[in-house]
Amino acid sequence: MKEKIQKDLKRILGELYSSVDIDIKKFDINIQDNKEKEHGDLASNIALVLAKPLGRNPKEIAEEIKENFQTDQDITKVEVAGPGFINFFLSKKSHGAVLKEIFIEKDGYGSSKSNNKKVLIEYVSSNPTGPLHVGHGRGAVFGSVLARLLNEAGFKVDEEYYVNDFGRQMNILAASLWIRYAQIFNNDIQMIKNGYQGEYLIPIAKNLKEKRSNELFLSDSDLNDLLNKDTQEDESFVDSVIETIRSRLGDEFLFIRDFALKEILDLIQADLSEFGVNHNKWFSESSLYENKLGSDSIVDKAINELDSNGFIYEQEGATWFKSSTLGDDKDRVLKRGNGEYTYFASDVAYHLDKYDRGYDRIINIWGSDHHGYIPRVRAAMEASARNIQKLEVVFIQFANLIRSGKKVPMSTRSGEFITLKELIDEVTTEAARFFYINRKSDQHLDFDLDLAKEQSKDNPLYYIQYAHARICSVLSKSHIDEGKLANSDLTLLDLDKEVELQKVLNQYPVLIERAALSSEPHLICYYLKDLASIFHSYYNSEKFLVEDQNLMNSRLFLLSGVKQVIHNGLSILGINAPQEM
RNA sequence: GCCCCGUUAGCUCAGUCGGAUAGAGCGCUGGAUUCCUAAUCCAGAGGCCAUAGGUUCAAAUCCUGUACGGGGCACCA
């Protein structure tokens with residue numbers, strides 16, 4: 001309908017003002033939804049926009065356009081109001097068109113046809129050194145909802161988890177696991193200061209013992225240092241433990257390391273899966289460092305590319321990237337004086353690899369504490385002659401958990417954090433997903449645990465689900481075949497609330513498109529709350545199962561449309577729409 | 001010091017491309033159930049949209065300054 005009005009207005013403007021010395025075509029014609037019923041359904045501000053360039057009174061222009069506008073069976077009335085708005089009034093029948101559309105498209109209502117564009121969303125990517133905690137939950141939900149949303153908007157979406165399985169932290173993980181393993185044989189051994197403290201390594205150590213029995217245990221002489229509590233307090237002690245195990249066990253050290261990584265990735269994957277988050281790609285950081293038969297690794301190739309573009313120099317034994325020439329605060333080290341690569345080197349190579357895989361959009365979902373990181377990554381892509389417009393970064397702010405009105409204290413040190421699994425077990429996956437996504441991503445979020453568990457209208461998720469269940473209940477009590485409702489007389493739906501419901505249903509596809517384009521899935525939550533609210537109000541003011549068959553059928557048809565849209569919206573959020581509650 | 005994000009009702013927050021009288025929930029006050037799920041609804045009170053300028057026919061929305069709050073600025077990952 002909006003498109004039709006736009007087209008008509010364009011034509012009228014062309015006819016009226018073709019002789020004027022300005023280019024009418026360059027003005028966009030906006031059609032807005034009106035809030036106030038007295039203003040009609042739609043409005044255009046074009047007369048106000050044109051007033052200045054034409055040097056005329058906006059009301060006169062609006063009247064002129066109105067005179068030339070042809071009303072028909074859909075657009076029944078045109079009015080000029082206020083400072084020069086042109087208001088359009090739609091017929092009852094044209095409001096009902098949306099119900100037939102929903103009826104035909106069902107689950108597909110709101111989704112666009114494929115646009116043949118590929119998008120990569122990288123998210124979560126937490127270090128594989130321990131289970132996910134609640135801090136990861138928000139990014140996890142956001143990424144998975146954005147993936148569904150973009151899929152709905154016609155993109156071909158890949159969801160990727162970048163596994164930081166390279167470097168010192170993996171050795172520390174291996175050492176920590178080995179200590180848990182050694183504790184099985186000698187409980188005088190204690191976890192060392194820089195090791196991973198969490199108890200999650202204990203069951204993994206038991207699994208390790210199943211595989212290797214006591215073969216990985218060390219001789220008494222090697223254990224001397226480990227049993228000396230004074231030296232353990234030292235920050236660098238972890239390195240000497242790694243050295244000891246590595247020199248005594250040789251390749252078995254690598255076995256321990258790989259075993260630890262695999263077990264923890266299994267843990268992470270299981271938690272994500274229970275949380276409705278499913279990455280279809282897992283990208284290993286260490287794969288960036290493989291060099292097959294003498295050829296350069298991906299990281300070396302990336303550095304060489306920067307080098308040949310003139311962005312690399314050596315200083316004090318380290319390899320530097322001249323990011324400051326491309327907007328970063330300072331230059332960055334890629335390879336340290338001791339020959340080790342920095343995390344940033346991996347990231348440069350990783351991002352180049354993403355580009356080379358041919359995506360149209362590359363979306364990173366990062367914790368907001370990483371925002372200072374973005375100029376150097378951009379600089380690296382620019383220095384490698386990649387189109388930096390393709391790279392988008394969405395920052396996710398931290399979430400606080402609130403219980404009984406108070407912040408739940410959390411410390412990532414010494415393993416005192418609440419895991420994602422514990423959160424899910426307490427409030428359910430669905431509530432956790434909804435509350436995480438309910439708020440704009442770049443805003444702090446207070447996650448109220450008590451509210452998430454509450455079963456009342458204070459809990460917006462229950463409110464929405466209840467609307468769906470109520471409709472299901474009415475439809476089932478009516479004993480009518482939903483498939484036969486399509487021929488209902490939609491002109492009978494002329495109550496204010498009925499018209500409003502149809503208008504809101506009509507906005508759904510636009511909402512999905514906007515949410516996808518601006519990466520703002522929280523809009524879906526607000527939309528669904530709105531829709532549910534209008535429905536509940538309608539439910540309380542009218543009866544649906546009435547004597548008059550025609551009236552009943554049209555009302556049930558409307559309800560069936562509301563039901564479908566709630567279902568579609570919740571499904572993007574990864575939340576079930578229950579038949580009964 | 002530099003860089004991000006924020007400041008809207010007592011509280012928690014929405015607010016589309018700048019559009020007509022500023023939105024919701026909670027809380028507060030008062031109502032609705034012989035009837036399709038009261039897990040619901042209806043009505044009322046409650047606002048200098050932090051602040052000072054600017055752009056515009058029109059600013060919560062765009063631009064600049066200021067104040068206040070949160071976060072970030074490694075040869076860590």
Side-chain angles (χ1 to χ4, degrees), chain A residues 28 30-36 38-39 43-45 47-52 57-58 81-85 87 127 129 164 166-170 172 285 315-320 329-330 332-344 346-347 367-375 395 397-398 402 405 438-440 442-446 448 451 454-460 462-463 465-467 469-478 507 510-511 514-515 518 520 522-523 525-527 529-530 532-533 535-546 552 555-556 559 580-581:
Chain A
D28 286 335
N30 283 324
I31 307 293
Q32 66 187 58
D33 291 307
N34 280 341
K35 282 179 265 181
E36 302 294 323
E38 303 82 59
H39 295 144
S44 170
N45 63 350
L48 293 160
V49 176
L50 288 176
K52 188 101 178 225
N57 181 321
F85 288 100
N87 292 331
N127 285 337
T129 54
N164 299 123
F166 187 79
R168 184 162 175 259
Q169 60 171 349
M170 281 297 105
I172 297 176
E285 182 186 5
Q315 193 177 61
E316 293 167 22
T319 304
W320 293 73
D329 294 340
K330 49 180 278 196
R332 305 291 171 177
V333 172
L334 291 166
K335 196 174 180 180
R336 293 200 284 268
N338 64 8
E340 284 175 15
Y341 293 89
T342 60
Y343 179 80
F344 178 54
S346 297
D347 248 354
S368 62
D369 53 336
H370 283 67
H371 91 265
Y373 203 72
I374 199 170
F395 292 105
Q397 272 288 0
F398 298 116
I402 307 289
N438 185 27
R439 186 96 157 76
K440 241 188 335 202
D442 60 357
Q443 301 291 331
H444 288 277
L445 167 71
D446 285 340
D448 188 330
L451 183 58
E454 197 166 308
Q455 307 203 349
S456 76
K457 70 165 184 172
D458 298 354
N459 179 338
Y462 270 85
Y463 186 78
Q465 289 183 316
Y466 181 47
R470 261 185 158 174
I471 295 174
C472 290
S473 166
V474 173
L475 287 172
S476 107
K477 285 231 161 71
S478 75
Q507 287 162 6
V510 181
L511 168 96
R514 211 179 80 222
S518 57
E520 296 183 318
H522 73 282
L523 294 173
C525 299
Y526 283 91
Y527 173 86
K529 273 185 263 182
D530 249 22
S533 161
F535 161 74
H536 283 307
S537 167
Y538 179 42
Y539 181 96
N540 272 275
S541 65
E542 305 303 326
K543 262 186 81 68
F544 311 125
L545 304 179
V546 290
M552 177 170 91
R555 288 184 172 173
L556 291 179
L559 256 50
E580 55 185 34
M581 293 172 77

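Every chain is numbered from 1 and lettered A, B, ... according to where its sequence line falls, protein lines coming before strand lines.
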> A/A51 near the nucleic acid: base, sugar-phosphate alone, or nothing, with a heavy-atom cut-off under 4.0 Å?
Replying inline: nothing
> Could you give the CD-to-C1' distance, from A/Q443 to B/U8, as a whole number of Å?
Replying inline: 12 Å
> Contact class for A/A467 (heavy atom, under 4.0 Å): base, sugar-phosphate, or nothing?
Replying inline: nothing
>> With a cut-off of less than 4.0 Å, is there a side-chain N or O of A/R439 near OP1 or OP2 of B/A14?
In response: yes
>> Mind checking if A/E542 touches a base, just sugar-phosphate, or nothing, with heavy atoms under 4.0 Å?
In response: base
> Using atom C1' of each nucleotide, how far apart are B/C63 and B/A9 to the nearest Å?
Replying inline: 28 Å
>> For the C1' atoms, the ones on B/G69 and on B/C75, what distance do you get once it is rounded to whole angstrom?
In response: 34 Å
>> Between C1' on B/C41 and OH on A/Y463, what's the gap in Å once rounded to a whole number?
In response: 8 Å
> Rounded to whole angstroms, how far apart are CG on A/L48 and C1' on B/A59?
Replying inline: 15 Å
>> What's the gap between B/U56 and B/G46 when it is taken at their P atoms, as a whole Å value?
In response: 36 Å
> Can you check whether A/M170 reaches A/T129 side chain to side chain, under 4.5 Å on heavy atoms?
Replying inline: yes
> Is there a donor on the side chain of A/D347 or the base of B/A77 sitting less than 3.5 Å from an acceptor on the other?
Replying inline: no
>> Please determine whether side chain to side chain contact (heavy atoms under 4.5 Å, CB included) holds for the pair A/N45 and A/F85, giving the CA-CA distance in whole Å, both sets of side-chain angles, and the decisive distance to 0.1 Å.
In response: CA-CA 5 Å; A/N45 63 350; A/F85 288 100; 4.1 Å; yes
> How is A/E340 classified with respect to the nucleic acid when contacts are heavy atoms under 4.0 Å: base, sugar-phosphate, or nothing?
Replying inline: nothing
> Taking side chain as C-beta onward, heavy atoms only, is A/S473 less than 4.5 Å from A/K477?
Replying inline: yes
> What nucleic acid atoms does A/Y539 come within less than 4.0 Å of, heavy atoms only: base, sugar-phosphate, or nothing?
Replying inline: base
> Starting at NE2 of A/H39 and ending at P of B/A20, how long is that distance when rounded to a whole Å?
Replying inline: 9 Å
>> Rounded to whole Å, please give me the gap between CD in A/Q397 and P in B/G6.
In response: 10 Å
>> Using OP1 and OP2 only, check whether a side-chain N or O of A/R555 sits under 4.0 Å from B/C36.
In response: no
> Using atom P of each nucleotide, how far apart are B/G47 and B/C11 to the nearest Å?
Replying inline: 13 Å
> With sugar-phosphate meaning primed atoms plus P, OP1 and OP2, does A/H444 contact a base, only sugar-phosphate, or nothing at under 4.0 Å between heavy atoms?
Replying inline: sugar-phosphate
> Side-chain donor or acceptor of A/R514 under 3.5 Å from a matching atom on the base of B/U16?
Replying inline: yes
>> Of the options B/G19, B/A77, B/A38, whose atoms approach the side-chain atoms of A/Y466 most closely?
In response: B/A38
>> Pairing check on B/C2: which nucleotide meets the Watson-Crick or G-U wobble criteria with it, both distances under 3.5 Å?
In response: B/G72
> At under 4.0 Å between heavy atoms, what does A/K335 touch on the DNA or RNA strands: base, sugar-phosphate, or nothing?
Replying inline: nothing
> Among the nucleotides B/C76, B/U21, B/G15, which one has an atom lying closest to any side-chain atom of A/K440?
Replying inline: B/G15
>> Would you measure the distance from the P atom in B/C28 across to the matching atom in B/U16 and give it in whole Å?
In response: 31 Å
> For the residue pair A/F344 and A/Y373, does the interplanar ring angle fall in the parallel (under 30°), tilted (30 to 60°) or perpendicular (over 60°) class?
Replying inline: perpendicular
> Is there a Watson-Crick or G-U wobble partner for B/U61 with both distances under 3.5 Å, and which nucleotide is it?
Replying inline: none
>> Looking at A/L451, is its backbone amide N or carbonyl O close enough to the side chain of A/N459 to form a donor-acceptor pair, meaning the two atoms are under 3.5 Å apart?
In response: yes
> With both distances kept under 3.5 Å, what pairs with B/A38, Watson-Crick or G-U wobble?
Replying inline: none
>> Mind checking if A/G337 touches a base, just sugar-phosphate, or nothing, with heavy atoms under 4.0 Å?
In response: base
> What does A/L523 touch in the nucleic acid at a heavy-atom separation under 4.0 angstrom: a base, only the sugar-phosphate, or nothing?
Replying inline: sugar-phosphate
>> Under 4.0 Å, counting only non-hydrogen atoms across every strand here, what does A/I31 touch: a base, just sugar-phosphate, or nothing?
In response: base
>> Suppose you measure atom C1' in B/C57 against the same atom in B/U66; what distance do you get, rounded to whole Å?
In response: 30 Å
> So what does A/N45 hit on the nucleic acid, given a heavy-atom distance under 4.0 Å: a base, only sugar-phosphate, or nothing?
Replying inline: base
>> Working to the nearest 0.5 angstrom, can you tell me the gap between A/H444 NE2 and A/Q397 CD?
In response: 4.0 Å
> Counting side-chain heavy atoms from C-beta on, which of B/C41, B/A74, B/U37 comes nearest to A/N540?
Replying inline: B/C41
> For A/H522 and B/G15, is the shortest distance between a side-chain N/O and OP1 or OP2 below 4.0 Å?
Replying inline: yes
> Please give, in whole Å, the distance from B/A77 P to A/F344 CZ?
Replying inline: 13 Å
> Starting at OH of A/Y526 and ending at P of B/G15, how long is that distance when rounded to a whole Å?
Replying inline: 7 Å
>> Regarding B/G72, can its base be found pairing with the side chain of A/D369 as donor and acceptor, where the two atoms are less than 3.5 Å apart?
In response: no
> Nearest of B/C36, B/A77, B/C75 to any side-chain atom of A/Y373?
Replying inline: B/A77
>> Rounding to an integer number of angstrom, what distance separates B/A22 and B/A50 when you compare their P atoms?
In response: 15 Å
> When you measure from the side chain of A/Y343, which nucleotide among B/A39, B/A77, B/A20 comes out closest?
Replying inline: B/A77
> Which part of the nucleic acid, if any, lies within contact of A/K543, taking any heavy atom under 4.0 Å across all strands shown: a base, the sugar-phosphate backbone alone, or nothing?
Replying inline: base
>> Both distances below 3.5 Å, Watson-Crick or wobble geometry, any strand: find the nucleotide opposite B/A43.
In response: B/U29
> Does B/G23 pair with anything, Watson-Crick or G-U wobble, both distances under 3.5 Å, and if so, with which nucleotide?
Replying inline: B/C13
> For A/F395 and A/E36, take the nucleotide of RNA chain B holding the closest heavy atom to each; which residue's nucleotide lies nearer the 5' end?
Replying inline: A/F395
>> Let's see if you can work this out: which of B/A77, B/G23, B/C5 has an atom nearest to the side-chain heavy atoms of A/D442?
In response: B/C5
> Taking atom P of B/C4 as reference, at what distance in whole Å does atom CZ of A/F398 sit?
Replying inline: 18 Å
>> What's the gap between B/G53 and B/A59 when it is taken at their P atoms, as a whole Å value?
In response: 14 Å
>> Classify A/D530 by what it touches in the nucleic acid, base, sugar-phosphate, or nothing, heavy-atom distance under 4.0 Å.
In response: nothing
>> Base, sugar-phosphate or nothing for A/H371? Non-hydrogen atoms, less than 4.0 Å.
In response: base
> Where the side chain of A/K52 is concerned, which of B/C76, B/U56, B/C41 is the nearest nucleotide?
Replying inline: B/U56
>> Determine whether A/F398 and A/L445 satisfy the following criterion, side chain to side chain contact (heavy atoms under 4.5 Å, CB included), listing intermediate values before the conclusion.
In response: CA-CA 7 Å; A/F398 298 116; A/L445 167 71; over 6 Å; no
>> Please pick, from B/A39, B/G23, B/C36, the nucleotide with the shortest atom-to-atom distance to any side-chain atom of A/Y462.
In response: B/A39
>> Pairing donors with acceptors under 3.5 angstrom, does anything connect the side chains of A/S346 and A/E285?
In response: yes
> Counting side-chain heavy atoms from C-beta on, which of B/A77, B/C35, B/C41 comes nearest to A/S537?
Replying inline: B/C41
>> Just N and O in the side chain of A/K330: are any of them under 4.0 Å from OP1 or OP2 of B/C73?
In response: no
> Whom does B/U66 pair with, Watson-Crick or G-U wobble, provided both distances fall under 3.5 Å?
Replying inline: B/A50
>> Let's test your reading of the model: under 3.5 Å, does the base of B/C75 pair with the side chain of A/E316 as donor and acceptor?
In response: yes
